Asks: 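Below you will find the structure I want to go over with you.
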Amino acid sequence: MISAQNMGVQFEENFVLQNISFEVQKGEYIGIIGPNGAGKSTLLKLILGMVKPTQGSINVAVGARFGYVPQNYLPKNLFSVSVQEILEMGLSRISCWRNTTESRILQEKIEIVGLDASFFKKPFHDLSGGQKQRVIIARALLQDPEILLFDEPLSGVDFATKLQLYDVLAEINTLQKTTILFVSHEVESVVNRCHRILCLNKKLHEGCHPLDFIVGKSSLCPTVPIPEKLHPVHHHHDLSSSSC
Amino acid sequence: MLEIFEYDFLVRALLVGTFCAVVTAVVGNFLVASRQAVVSDMLAHTSLAGVGLGIFLNISPSFVGILVSIGASIFLFLLGSQKKIPQEAISVLLLTGGMALALLLAHLSKNNPVSFETFLFGSLLTITNSEAVLFAVLGLGILVCIFLFWNRFLCLIFDIDFFRSRFRFSIFFEIFFLMMVAVLVALSLQIIGGLLVGALLVIPVITAQNMAKSFRASVWWSVFLNVMGVLGGIFFSFYADIPTSSAIVLSLWCLFLVFGVLVPFGKKFLKRELYS
């Protein structure tokens with residue numbers, strides 16, 4: 001699905017990423033960890049084609065549909081915009097004219113993330129942090145994505161909501177075979193749910209590791225605490241069976 | 001009371017003013033939501049430089065004003081996309097440069113019969129039929145573009161990263177949006193004036209925020225408020241014999257004080273009284 005060979009990005013004289021090689025197969029759930037400034041967000045932008053590599057190459061399956069949840073997405077201003085309008089940004093519709101089938105699709109996606117249609121008319125800025133993130137994830141799902149990219153989407157979300165949303169993503173990955181790349185600082189949460197881990201570190205790139213490989217190896221990602229033990233969460237569970 | 005409708009030029013001013021209020025209110029919502037309100041002032045001042053150049057070269061000042069305004073919007077985008085200088089700083093750079101150039105050109109062509117002040121402070125009452133038609137055609141074009149690409153523009157102003165991740169040629173939309181604002185601002189110079197055009201784009205939008213719970217509602221509210229402000233201003237200027245642009249902006253300010261300050265304050269006060 002995604003393949004990178006000796007890929008790097010250089011902004012002026014600084015290398016943001018250097019000699020990165022990895023492959024991601026369809027239906028994989030990849031966790032991406034690394035210290036601040038390791039190039040995690042840039043890597044997602046490279047996959048999306050928003051940034052071009054200055055060395056090496058990256059190939060993504062032709063015509064793949066993406067769902068992207070940007071870092072810290074909370075509108076910076078309090079301008080009036082409803083939940084429905086935020087969700088509609090994920091639709092393929094271009095104009096302002098709504099059609100009747102849309103509301104059913106919007107309802108279907110917002111229910112996946114644990115909200116319901118009663119939220120549509122609410123002003124987006126009146127929602128709590130966790131509810132906002134759910135709406136943004138539902139918007140990414142509206143594109144019926146084959147590859148979902150999350151850039152630390154759960155920062156500022158309470159612990160219980162986080163667990164629920166991690167489970168939602170694991171279920172989407174299992175049931176719909178959606179490829180997921182999840183950037184996070186919270187290694188333990190990511191490690192416990194994904195298939196493989198990509199450690200980004202300016203000096204050390206060894207591709208995606210199986211979970212067992214990285215456990216206890218703090219040298220892979222200095223400054224990012226890697227757990228000494230693994231408590232894998234099985235993906236085949238329903239939303240009510242929280243893992244931690 | 002109705003003698004205002006007996007004069008052709010006043011009826012024309014009412015029609016053009018109302019249409020201008022509708023277009024600026026719709027575009028103003030996108031501009032304010034994308035936190036680029038200062039861009040309207042920058043474009044107004046740079047198009048004044050174009051107007052000055054037009055007067056100096058004896059070419060249509062409105063036409064040159066539109067061209068220079070479009071050029072400034074492209075320059076702003078290109079410089080802003082390098083992310084080295086904040087956009088508002090680039091706006092101030094262009095704003096001051098544009099105004100300095102405008103004043104120089106106005107000074108050099110002070111013997112020209114076309115008055116630079118018409119574009120500086122606006123002159124809604126002296127608009128000719130051909131100027132009204134030009135505004136109607138271009139204004140309608142802008143409205144059609146906004147409604148046709150509504151969902152794209154909404155995505156662009158509220159979440160540019162998500163927008164860029166979805167659309168391969170997002171850069172064209174980003175430039176197109178700025179160019180639309182540039183054309184609208186340059187067109188509005190003769191109606192409200194370069195120094196006051198920002199009022200039509202910004203004041204009704206921030207007033208509407210107290211009533212609207214969605215972007216669409218904000219657009220409808222600001223259209224209503226802008227039309228009220230413009231019509232109120234024209235009537236007020238006619239009967240009180242004061243400058244039209246000034247009367248329009250002061251009307252919009254009055255609406256802001258009522259709907260943006262007094263009404264929300266009253267609501268909060270009533271709520272507190274009810275719960276205490």
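Note that the structure is a prediction, hence the values are computed from the model and not measured. Order of the sequence lines sets the chain letters (A, B, ...), proteins ahead of strands, with each chain counted from 1.
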Asks: Could you state the interatomic distance from CG (Leu48(A)) to CZ (Arg164(B)), rounded to the nearest 0.5 Å?
Replies: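 Taking CG in Leu48(A) and CZ in Arg164(B), the distance rounds to 12.5 Å.
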Asks: Does any heavy atom of chain B fall under 4.5 Å from the side chain of Phe66(A), the backbone, both, or neither of them?
Replies: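 Phe66(A) has no heavy atom closer than 4.5 Å to chain B.
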Asks: In Å and rounded to the nearest 0.5 Å, what is the OG to CD distance from Ser214(B) to Gln84(A)?
Replies: 9.0 Å
Asks: If you count every heavy atom of other residues, nucleotides or ligands that lies below 6.0 Å from Lys26(A) atom NZ, does the total exceed 12?
Replies: yes
Asks: Given the ring of Phe162(B), does Arg139(A) sit roughly above its face, with NZ or CZ under 6.0 Å from the centre of the six-membered ring and within 45° of the axis?
Replies: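 The answer is yes; both the distance and angle limits are met.
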Asks: Can Met50(A) and Asp161(B) be said to form a side chain to side chain contact (heavy atoms under 4.5 Å, CB included), step by step?
Replies: CA-CA 9 Å; Met50(A) 290 161 72; Asp161(B) 273 348; 4.0 Å; yes
Asks: Only heavy atoms, only distances under 4.5 angstrom. Which residues in residues 194-212 of chain B are near chain A?
Replies: Val205(B), Gln209(B), Ala212(B)
Asks: Relative to chain A, which segment of Ser218(B) carries a heavy atom at a distance below 4.5 Å: side chain, backbone, both, or neither?
Replies: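 Contact with chain A: side chain only.
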Asks: If you apply the rule side chain to side chain contact (heavy atoms under 4.5 Å, CB included), what do you find for Trp150(B) with Trp97(A), and how did you get there?
Replies: CA-CA 9 Å; Trp150(B) 180 278; Trp97(A) 292 280; over 6 Å; no
Asks: Taking everything shown except Ile171(B) itself, do over 12 heavy atoms lie less than 6.0 Å from its CD1?
Replies: no
Asks: To the nearest 0.5 Å, tell me how far Ile157(B) CD1 sits from Phe79(A) CZ.
Replies: 6.5 Å
Asks: Determine the option with the most heavy-atom pairs under 4.5 angstrom with chain B, choosing from Glu88(A), Arg98(A), Lys45(A).
Replies: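 Top count of heavy-atom pairs under 4.5 Å with chain B: Arg98(A).
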Asks: Is it true that, when you exclude Phe265(B) itself, more than 12 heavy atoms of the residues, nucleotides or ligands shown sit nearer than 6.0 Å to its CZ?
Replies: no
Asks: Using a 4.5 angstrom heavy-atom cutoff, name the option from Glu85(A), Gln143(A), Lys121(A) with the most pairs to chain B.
Replies: Glu85(A)
Asks: Between atom CZ of Arg65(A) and atom CZ of Arg166(B), what is the distance when rounded to the nearest 0.5 Å?
Replies: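 Taking CZ in Arg65(A) and CZ in Arg166(B), the distance rounds to 11.5 Å.
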Asks: Within the 4.5 Å heavy-atom criterion, are Lys213(B) and Lys122(A) side-chain neighbours or not?
Replies: no
Asks: Report the option among Gly67(A), Ala140(A), Pro123(A), Gly49(A) that has the most heavy-atom pairs separated by less than 4.5 Å from atoms of chain B.
Replies: Pro123(A)
Asks: So, taking the atom named SG in Cys155(B) and the one named CG in Leu91(A), what distance separates them when rounded to the nearest 0.5 Å?
Replies: 10.5 Å
Asks: Do you know which of Val83(A), Ile94(A), Leu44(A) has the most heavy-atom pairs under 4.5 Å to chain B?
Replies: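 Top count of heavy-atom pairs under 4.5 Å with chain B: Ile94(A).
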Asks: Could you grab the distance from atom CZ of Phe215(B) to atom CD1 of Ile86(A), nearest 0.5 Å is fine?
Replies: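 Going from the CZ atom of Phe215(B) to the CD1 atom of Ile86(A) covers 11.0 Å.
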Asks: Less than 6.0 angstrom separating the ring centers of Phe158(B) and Phe124(A), yes or no?
Replies: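 Ring centroids of Phe158(B) and Phe124(A) are no less than 6.0 Å from each other.
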Asks: Strictly distance-based, threshold 3.5 Å: is any side-chain N or O of Asn151(B) a donor or acceptor partner for the main-chain N or O of Arg93(A)?
Replies: yes
Asks: Taking atom CZ of Phe75(B) as the centre, report whether more than 12 heavy atoms of other residues, nucleotides or ligands fall under 6.0 Å from it.
Replies: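 Not more than 12 within 6.0 Å, no.
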